[in-house]
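Everything below concerns the one structure shown next.
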Amino acid sequence: MTTPATRIWPALLAALLLWTGCDTVEPGGDTRLVVEAFLDAGRPAPPLILRRTAALGDPVADRPAEAATVHLTLDGVPVPYAPDPARPGQYVPAARPPLVPPRARYDLRVDWRDQTATAGGTVPPPIHLDSVRLRIPARPVRAILLDSLDFGLDSLNVDVDARQGFIYPVEVTLWWRVGFDEAGPDSAYWVQTRLRPRQGFSSRLIDFFLLPEAVFRERDVPQDGAGRRAWTGVYAVPVDDEADPLPVHGLTVALLRSGQDYARFVTSRDAPERREPRSNVTGALGIVAGLSVDSLFVEVTGPASVRH
Amino acid sequence: MVPREAAAQAIRIEAAGVPLAEALAQLGDRVDVVYAGRLVAGRVVTCRYAGDDPAAALACLLRDTGLTARPVHPGQYVLVARPPAPDRYGTLAGFVVDAETGEVLPGAHVYLTGRRQGTTTNEAGYFALPALQAGAQPVRISYLGYRTLDTLMTLQAPAAVLALHPTTLPAEEVVVEAGRADGASEPAVPRVTALAVRQLERLPATLGGEDLFQALAWLPGVQRSGEVTGGLLVRGSGPDQNLYLLDGAPVYHPWHAFSLISTFQTDTFKDITLYRGAYPAEHGGRLASVLDAELKDGSRAGPHVVSAINALNARFLMESPITGNSSFMFSARRSYLDKLIGTRHPVEDEHGKRDTLRTGYHFNDWSAKVSLRPGARSRLSASFYTGRDVLDLRLPFDLSLDFSSWLRPADLFFEVDQNWGNTLFSTRYQYLVSRRVYLTLTAYDTRYEAVERTFIQPTSSASVRSAYEVRVRDLGLKADVDYYRSLAHQIRAGVQVIDHRFHSALAAEVARSLGAVDTLDQRSNRQAFEGVAYVQDVWQPTGRWRIQAGARLSFFGGGSYWRLNPRLEAAFTVVPERLTVRATAGTQAQFMHRLRDRFSFLYDLVSSRWVPASRQVHPSRSAQASFGVESRPRPWLTASAEVYWRGARNILLPEDAFQTKDGLEGPGIEVGTLLGQYVPGRERAFGVELAARAERGPWHLWLSYAGGRSRNRALDEPTYRPARFDTPRTLQALVQREGRRWGLSVSALWRSGYPVTVPVARYVLGGPLDSTPVSYLYRPNLNNGRLPPYFRLDATVSYRFAWVGARWQARLHVYNVLNRRNVIGRFYDPGQAVVRGKDRHGLPLLPLFEFEMAL
């Protein structure tokens, strides 16, 4: 006997079968604005770089965003910006750029096509390298130079490309002082350190273990007796043979202070094949950060100590 | 008329319209019956009986004859005219056991065919049907994988022992007897997926051999997360939302070989039940499912030995009676690859320098159970299980297939010493307080422990040394009481207390150079008390309705959380033994979250780390509802359809889905730090599951389709997105032919590809310390795309033979017969001129073997 229920259930089941089977891929978004701006404490208001996203099939990834309007205020004071005609996508202060005051509140608004990007924050106090010390071993050490490692249980892909060589592991210690009371907003700063030799050398494994770069919360680093904070990193200088001396090379030591937004940005930007950096811009991609940078260029000629 | 004895202890009768005198004459070999000829003259009887009770056999023969058999001596009866039956009521009770091994059969269906009402056996195989009028009652007992038994039971008899014969014996050993090969469509089937062990053993495992979880993946709505690895996903849930019970004790990490196979060895169990959806109130603690497995008690019939070897491991099982009222089971399993390639490799270079490289990995399981029956009313069992994975490596970095290039002393090397596993001890005492009251007490001690030790020497001056350990320990005590109040009401209630202890510790030294050394010494200890009380009632108001209502009240000390979870299931038999519809609804609570650090390589590499609910993190909650139809249009065909919906909240999702382990020291092992890597979220899933199973002669056909969606979102996200393993469609098919000697099985799996996050654009962005900007891919939405569909065809050929007094079986399993390179991952490189996905492929064709010997 056919009842309404017996007629309805097969229909409902068929509808559910179709519903559960439905699968859609979300379409890609339109072209997005990408904002890049770093306001360095005590320095002139910087150029802003505005780009736009490009299609995956576009062989040129670096596309400028032109004809945008930029509104920047520092502690409530407007700083007019205008496009740099010589550099598409760059926007510079329209008049003589004012200095970025430490601890100044900044607010940025960019209008481009139908998109509006906003970002804001506070410029941190200036940071200064107090001292830098290099320790260079007398002889190079043996090191494994591993460029790639990919192993998965679900597949038989095993791709190990390792070789051995010699490196000078150069140990660099840098000191800086904190000239303010770390209370309230001043207790939440992050520090980025970087050791960058002029002759680039990159090995995933070596970088992984030696630590030529770090990002950490500033107050987590204990102060020494002189009220200074210190960080020690190591970078590698490769040589061909165990008997080779350390090649003369230039080294840039950088020290940067900023807030949590910048820390999240910089710690998420070193694996571009896996992810994009975290943005703090509302309505667009990119990063707008107040920061303070100090750097030192050292000509490394051999075992020596350098003081700044 | 065919009255006969099929076995020494059994009486089997199948009579239709046969003169009573003739039936009694042939029965006389076993039972001495004295009667007057006038009493039996002209009487014709119809009876089907199988069992070992002469009184019941006679009662069957004499039913509706007006006669009764009165015992005068042991084994001797006299037939007299039946006196008028007094108006008397009593309880029909008994135990259902396996006819071959004597193992009790929990979950067997006991059905009063005359009244169309019934019950199921409890963990001890016991059942009781109270408030029945005196006299013989026709009873049908069925259990998946066993032949249905139709028999007569009398109130006067003590608790009967009813033996069921399995249906999956080799063809030459099948005993044809009264009854029929039964499926699952009795009206009193609770809403569970109960698969007989003998049936599970027949289902092909992904990589051959026997594996419970791989067999369970044949059920619609149950899948593995990876191609051959990964946790169980039940109806779109996460792998940490399942509770795995072994003799009542939880197993926290039921995996071996990096989740390639499970710790549950199918042939060591007497009973396996997977509860999905709104499971009974006696179970709880997880959101999605409960797998309840009971180790074998040990054969009571005689010694039984099985040993087997396959590509992954070798296993051994022995069971035997010890005395007339005790038995034991012992099993062991171990992988043996390390025995083939060796674990320690002494090497020496041309300068005489020596070293010992290590390539050790193995896993093993040991389980044992001793069962005692000190009296007819009580039963005591003690179970032990331990299983471990051990990885021990000391290798140079420059591995390659050219062994001669790296089998030499190494200055730069890495050492990995990891071991992890479970150990549990469970003891259970069961006591028949009265025919209506059955008490079960369970006490257990279960531990999961993992140790990860690492030493890495990447340069002569840099090294990393770390030791990390995780431990979870539960001490539990549980009491359950079955009260058979009436034929309409079967009540079960219980209480449980659990002491949870969580420990993790890390000691590490990271020497980047001689002067840059970081040390880490961190420790985390937590403890939580959990108390549970539940009550449930199986109410059968009529022969067609079966309503199971219950509630579970839980208290969790970490955060002092109280949770009340109601459960309801209603089943209505539309056509007896042909069509049943069911609806279920219920809520669940989960007080522990399984999390893993997402930053550091120094810890949480292989460990499962459980974090108890606290003030910082709330328990997860879920609600589920389902509606289903089960039908058996033919005796050999079973079909089912079910729709479900489930929602969960306070689940933990990664705060940054793109974050993977990419550093050494990480944020540390403190629970608060770990929780900071996750955010609370919600999850919802719905779907439909269709299944059909046909068994006819040597043929076995299994078809299933699961369509469903599973989505989740963090609380601060506006919309739901596909969950990581969202699978809209899954279709599985299995065809088996079991001959006398040869067996053939072909299985196919087709499913939608898993979600993948597809970039939609690219851009460049610089940093304040950069000289050149970096290219990135814009991925605005997680899981916005999908991999191509996955398809795989497997085949198995087996051959049985007898040799040197043993039964042997050789089995060849071919994984991925078509050698289809399924896409299991897709990656995008922003450095490409034109960005295209790069695929990662699954396993190719793999031939795998197994030999099994049984005594």
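All of these numbers come straight from a predicted model, not from anything done at the bench. Atoms considered below: every heavy atom in the structure, side chains included; atoms not considered: hydrogens, waters and symmetry mates. Sequence lines set the chain letters: A, B, ... in the order given, protein chains first and strands last, and positions in each chain run from 1.
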*A/P169 versus chain B, heavy atoms under 4.5 Å apart: side chain, backbone, both or neither?*
side chain
*Identify which of A/R194, A/R63, A/R196 forms the greatest number of heavy-atom pairs closer than 4.5 Å to chain B.*
A/R194
_Among B/T660, B/T757, B/V464, which residue has the highest count of heavy-atom pairs closer than 4.5 Å to chain A?_
B/T660
*Do A/L174 and A/L255 have side chains that get closer than 4.5 Å, going by heavy atoms?*
yes
*Is B/T459 close to A/I167 at the side-chain level, that is, under 4.5 Å between some pair of heavy atoms?*
yes
*What part of A/A54 gets closer than 4.5 Å to chain B, counting heavy atoms only: side chain, backbone, both or neither?*
both
_Please classify the contact between A/R51 and chain B as side chain, backbone, both or neither, with a heavy-atom cut-off of under 4.5 Å._
side chain
*Which atoms of B/P773 come close to chain A, meaning under 4.5 Å heavy atom to heavy atom: side chain ones, backbone ones, both, or neither?*
side chain
*Hey, is A/E36 close enough to A/R52 for a salt bridge, meaning N to O under 4.0 Å?*
no
_So which atom in B/P780 and which in B/V760 form the shortest heavy-atom distance, rounded to 0.1 Å?_
CD-CG2, 3.5 Å
*Give a yes or no on whether a salt bridge exists between B/E227 and B/R821, defined as a side-chain N under 4.0 angstrom from a carboxylate O.*
no
*Which region of B/Q659, side chain (C-beta onward) or backbone (N, CA, C, O), has a non-hydrogen atom less than 4.5 Å from a non-hydrogen atom of chain A, or is it both or neither?*
both
*Find the one option among A/D58, A/L211, A/D40 whose heavy-atom pairs under 4.5 Å with chain B are most numerous.*
A/L211
_A/Y262 portion near chain B, given a 4.5 angstrom heavy-atom threshold_ = side chain
*SB check B/R598 B/E655 (cutoff 4.0 Å)*: no
_If you count every heavy atom of other residues, nucleotides or ligands that lies below 6.0 Å from A/R43 atom CZ, does the total exceed 12?_
no
*Portion of A/L256 that has a non-hydrogen atom of chain B nearer than 4.5 angstrom*: side chain
*Is it the backbone or the side chain of A/R264 that comes under 4.5 Å from a heavy atom of chain B, or both, or neither?*
side chain
*Heavy-atom proximity to chain A below 4.5 Å, by part of B/A462*: side chain
*asked:* Among A/P59, A/P277, A/G286, A/G57, which residue has the highest count of heavy-atom pairs closer than 4.5 Å to chain B?
replied: A/P277
*Look at B/G515, B/S775, B/S463, B/S771 and state which one has the largest set of heavy-atom pairs under 4.5 Å with chain A.*
B/G515
_Contact leader toward chain A among B/D829, B/N822, B/L769, where contacts are heavy-atom pairs under 4.5 Å_ = B/L769
_Between B/G825, B/G663, B/A657, the one whose heavy-atom pairs under 4.5 Å with chain A are most numerous_ = B/G663
*How close do A/Q90 and A/P47 get, heavy atom to heavy atom, and via which atoms?*
OE1-CB, 3.8 Å
_B/F827, part contacting chain A, at a heavy-atom distance under 4.5 Å_ = neither
*At a heavy-atom separation under 4.5 Å, does A/V35 approach chain B through its side chain, its backbone, both, or neither?*
backbone
*Taking C-beta and beyond as the side chain, do A/L285 and B/L765 meet within less than 4.5 Å on heavy atoms?*
no
*Give the member of A/E273, A/R278, A/R269 that has the highest number of heavy-atom pairs under 4.5 Å with chain B.*
A/R269
*Specify the closest pair of heavy atoms between A/L134 and A/V170, including all atoms of both residues, with the distance to one decimal.*
CD2-CG1, 4.1 Å
*Does any heavy atom of chain B fall under 4.5 Å from the side chain of A/L291, the backbone, both, or neither of them?*
side chain
*Would the number of heavy atoms belonging to other residues, nucleotides or ligands and lying under 6.0 Å from CZ of A/R139 be above 12?*
no
_chain A contacts, top residue of B/G767, B/P830, B/G766 (heavy-atom pairs, under 4.5 Å)_ = B/G766
*With chain B, which of A/A143, A/P140, A/P46 has the greatest number of heavy-atom pairs at distances under 4.5 Å?*
A/A143
*Looking at B/V835, B/D656, B/V834, which has the largest count of heavy-atom pairs under 4.5 Å with chain A?*
B/D656
*In sequence, state the C-alpha distance, the side-chain angles, and the governing distance for B/T772 and B/D770, and then conclude on side-chain contact (heavy atoms from CB on, under 4.5 Å).*
CA-CA 5 Å; B/T772 56; B/D770 293 346; 5.8 Å; no
*Using the ring of B/Y720 (Phe, Tyr or Trp, six-membered ring only), decide whether B/R684 places NZ or CZ under 6.0 Å from its centre and within 45 degrees of its axis.*
yes
_Ionic contact status for B/D726 with B/R786, cut-off 4.0 Å_ = yes
